[in-house]
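Quick notes on the structure that follows.
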Amino acid sequence: MFPGKALYNFFFTLILFSLIPFNSSKSQSVGTLRGIVTDSLTTEVLPYANVYVQELKSGTHTDNRGYFIFTSMPSKKEYAIIISFVGYITQIKKVYVNEEKITHVNVGLVPTDITMKTVEKIEKRETPADNIQISSQNILIKDLETLPKGVETDIFRSLQLIAGVQSTGDVSARYYVRGGAGNENLILLNDAPIYNPFHALGIFSVIDPEIINNINFYKGGFNSQYSSRLSSVMNIATKDGNKNNFGATAALSELTGKMSVQGPIPYGSFIVTARKTYSNEILKKFLNNRNVPIDFYDASFKLNYSNPDFAPISKFTFFGFTSKDVIDYQDQLRPNFNWSNSIIGANWFHAGDTPLFSEVTLYYCRFVGEELPNLSNVRYKQNDLRDITAKVDFHYVYDSKDELYGGLKITDIDSKLYLANSVGYIKDVGARGSSISLYTGYKLIGIDNLNADFGTRLNLTRLSAGGSYFVEPRINFNYKLVPSINFKAAWGIYQQDLTTVSDENEIISLFEPWIITPEYLKPSSAVHYIGGFDFILSDKTKINVEGYYKLMHNLAVLNEQKFKPDDHDLVDASGKSYGAELTITHNEEPVSIQLSYAYSWSTKTVGYTEYHPRYDSRQAIKFFITYDLGNGWSASAIWDYNSGMPYTQYAGYYDKLYLSNLFDASEFFTSSEPYRLYASRNAARLPDYHRQDLNVSKKLNLFFLKLNIDLNLLNVYNRKNFFYFDANTGERVNMLPFLPTINVRAEL
Amino acid sequence: MKKLIFVLFAVVAMVFFVTCSEEFEPNASVKEVYVLNCILRGDTTVQYAIVSGSFGDINSQNQYFVNGAKIVISYNDSIFVMRDTIVNHSNAGKNLVTNCYYVKNLRPVINKTIGIEAKLPSGALLRSVSQTLKVNAVYFYGSDNIIPPKKKNTDYLVYIWDDLGGTLKNRNSFFVPRLQIFYTERIGNKLENKEIQVPSYYLGQGGQSIPIYPEASHDNYAKFTLEAVTKTLKSIIAPNNDQNNYSIVKAVFSVLILDENLTKYYIATQTYLEGFTVSLAEPDFTNIEGGKGIFGNYVKFNYEVTFDKDYLSSMGF
């Protein structure tokens, strides 16, 4: 049935928002200043740079595309714009603002090694007014490079330093956010999803940090722009490539060799990166000295074209990504595995003569995962998921600084899941479906220190056939009690119509297929309630406190009561999580410190059984410190503590009757075998996990090369963190022991 | 000073945790679980049950049979009390003894409620109620009664069964089919009766021919390739043996019809891997209230099949 009423409500809201700005101001003799801030050497955009108009005593920051905008500026005047960013020389630019027009300015900041002091000079002890979003974090890749690296810089591992982000140990980069499952995290590369973002059994992410410009990470309460996952969003924006000069980098870790090339093209730029394994020796340390013959590679590219004669303030982008992992045992008696991701996409970004930003994005994603049995007794499995999406997004800034945003997304997903039975007959049990969704939102800026971002998504169809529409209203707001204290809160409903089919209790999941939530189940949904505050204690010290409560419905989990072939593979479950997080950051040149504590509680209920999921660690403490020692030397340390995660204990055996040949009457007496009994699910707790890593790095120039050498000491006090218990041998297997690693990166 | 703080942090953390490793206990105390297994067979009047308890040591040779249980089967307004006994049997060449309970003179008839209750010395009570099958007779209309089949241009033997009303298929019944060849082998001066099961077909894989036997399923038909029958017949004659020592008697197609609970149990233990499932763990089905195990029943029907003499002669019989 056509969702007429919902559609009517949606468009009514959209029109209301666009026609009646809540916070209108007089617009006599005013103009608009818009600009883009870039690195003057690499020409990469600089997101979250500070932009301050001296005369107006008003500031903002650039968005993740490097753009900033000031509306309703008294026109026919010259302004001094102060642009600053950590790691760059602050620039003061004089700009004349025209009446009733948009004045566009390009700002190229010059990088420097001595920066913090420069920034602190202009930052006020005040929380940014337009940063409404709670539970969000903007991450720059250069911030990650100073931290200790497992084997090499990895965005997922660095993410786990954020309070509320939980991992299950050294052997998996898979992360869990505020009690949500791993498949509830949306990972976007230039707005296109990566379905299986892990290399090497999940030890590393597939995204080479070399291609990344910045990351927006939301651990809850994300606004209506984002869809299709319940827990978190990681939006990765890649670099554009250098528009002025050609350049290349090469890096070598103990696992991979990689290189990148970038440079100008007419009216644009390009960047290409590639990474490949050359040795598995280091992986053995992660896998209890077991040899798993993993071979992987990944590659990315991005092309940009921006011709002002053709389309002023427009940028055409063409991007691609591919990754592949292969586990080939060279043994016909063992199964082999391979899985791959590929993305190809295009984007047109346009900023017109009005304060309107619009984007059109098309992408095609594919994930293929295979388990090839060879002559082993496992059965063939293949998951082939194809996602074709077209979407339009717009963003309009009113004179009052209020913002209206919205968009349309059309997705077609074909998820094939090939399973074989015991005689080798292969059948596709997957499905294909399309969804159309609309979203809109309104950012209300600065009414008596109150800012709000409220919006909604309307999913007109669900992916599996027969579904009805679904509305996802969401609201974020902040209230500045005093300049140094900013209260924030968020509420929202979130829907997910894709799920993975795997056992969440598996230590390492080699085959984790994605399927459209079957028609017999409702799409999963979640409700987030989040509240907290930012407290700027001093110019150097900030405190963030947040609490959350999350309800999850219709979670698709494996049906452990599937007794007949025609019983459903999945059943619905519900979930609940709540917790509190405290983060204290202190930046005092040359030291930067972050300490966080998280208390969390998470349960799932399947049928009448309630249990704690495997990633439900009650308490987590994360501490890291970076120290700029001068002369290109820097050092850092991380200490990560998680209280024990839940597990299910064994509770003896019973003799179970196995019927293989009912014609044989004696089978009743002879074919019993011990069957393991389990205690209450996940009722026991593993020993606590903690680990300290140290890093020392040195930057130096050698002839024409810029070298960066990293020495990492992982698990410096050789903590024996529990990995798994081998029930067959009775052996306790621990995670990563003390391990020194070294990385070398050269830049041309 | 700040450098000192940094170094201190590193050193202190190392000192505190260098020997830190907590113990992990994989085992909880053994859960007290009792198991009652009783499968009533429609082709006999002697029925058996086994009651056992949980245990902690998988390597122990002990039997965990529960003695002294009072087991009654209530059926058709009658009470049948089971007695304990010992059954001798052989498995993989070993003579084994199993403790069990038995009752005589009980052959379930169609569509009756039947219950079992076991009171254990520990005070535990295991109970279950089931329904006997609604099948009294099965007809094999259109099934091949001679090998090779009389139908021309066919390489298959087909067996189809249903009850008189043709409702078996619609009732989602579960069937276990089997085709056996009965033959005699002369060993010295003695004739020994033997039988061999016929696969549905042979699967060629890796240069080998793998016999694929008919699967238990909801389908009320079974197919066997003539090639499978031929290969089975040829396999009867042992290498270097005189083929005159062998004589083919007949073939018998048999089908078991399982009740709903036994069907679920059978699939859960045996065939859950056969379907197109993503399930990774074996499900543990039981219909025993207060414990584990199975209380179910099945009936068996046979259909005799003869061989064409020329066909047997062509293979040396």
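Here is how names work: the chains are called A, B, and so on, in the same order as the sequence lines, proteins then strands, and each is numbered from 1.
Of the two parts of A:A683, neither the backbone nor the side chain holds a non-hydrogen atom closer than 4.5 Å to a non-hydrogen atom of chain B. Contacts between B:Y298 and chain A at a heavy-atom distance below 4.5 Å involve the side chain alone, from C-beta outward. Contacts between B:K292 and chain A at a heavy-atom distance below 4.5 Å involve the side chain alone, from C-beta outward. Within the 4.5 angstrom heavy-atom criterion, no atom of B:T263 approaches chain A. Contacts between A:N721 and chain B at a heavy-atom distance below 4.5 Å are absent for every atom of the residue. With a 4.5 Å cut-off on non-hydrogen atoms, B:S29 touches chain A through its backbone but not through its side chain. Only the backbone of A:Y678 comes within less than 4.5 Å of a heavy atom of chain B; no side-chain atom from C-beta onward does.
In this structure the side chain of A:L662 reaches within 4.5 angstrom of the side chain of B:L258, judged on heavy atoms. B:I50 places a side-chain heavy atom less than 4.5 Å from the side chain of A:F668. B:F55 has its side chain within reach of A:D655: a pair of non-hydrogen atoms, C-beta onward, lies under 4.5 Å apart. For the pair A:Y653/B:V30, no side-chain contact is recorded, criterion being any heavy-atom separation below 4.5 Å from C-beta on.
Most heavy-atom pairs under 4.5 Å with chain A, from the set B:C100, B:G56, B:P26: that is B:P26. Most heavy-atom pairs under 4.5 Å with chain A: of the set B:V33, B:T286, B:N99, B:V87, this distinction falls to B:V87. Between chain A and the options B:S54, B:S254, B:S217, B:A28, the largest number of non-hydrogen pairs under 4.5 Å is found for B:A28. Of the residues considered (A:F663, A:Y654, A:F669), A:F663 shows the highest number of contacts with chain B, using heavy-atom pairs under 4.5 Å.
Atom CD of B:E260 is surrounded by 12 or fewer heavy atoms from other residues, nucleotides or ligands within 6.0 Å. Within a 6.0 Å radius of CD in B:Q197, other residues, nucleotides and ligands contribute more than 12 heavy atoms. Other residues, nucleotides and ligands contribute over 12 non-hydrogen atoms within 6.0 Å of the CG atom of B:N67.
Between A:K656 and B:D284, the shortest heavy-atom contact is NZ-OD1, 3.0 Å. Taking each heavy atom of B:E25 and A:Q649 in turn, the nearest pair found is O-NE2, 2.9 Å.
Each of A:Y724, A:F725, A:F723 was scored for a ring pair (Phe, Tyr, Trp, His ring centres under 6.0 Å) with B:F24, with one residue passing: A:F725. Partner A:L659 forms a side-chain contact (heavy atoms from CB on, under 4.5 Å) with one of B:I39, B:N37, B:V176 and no other, that one being B:I39.
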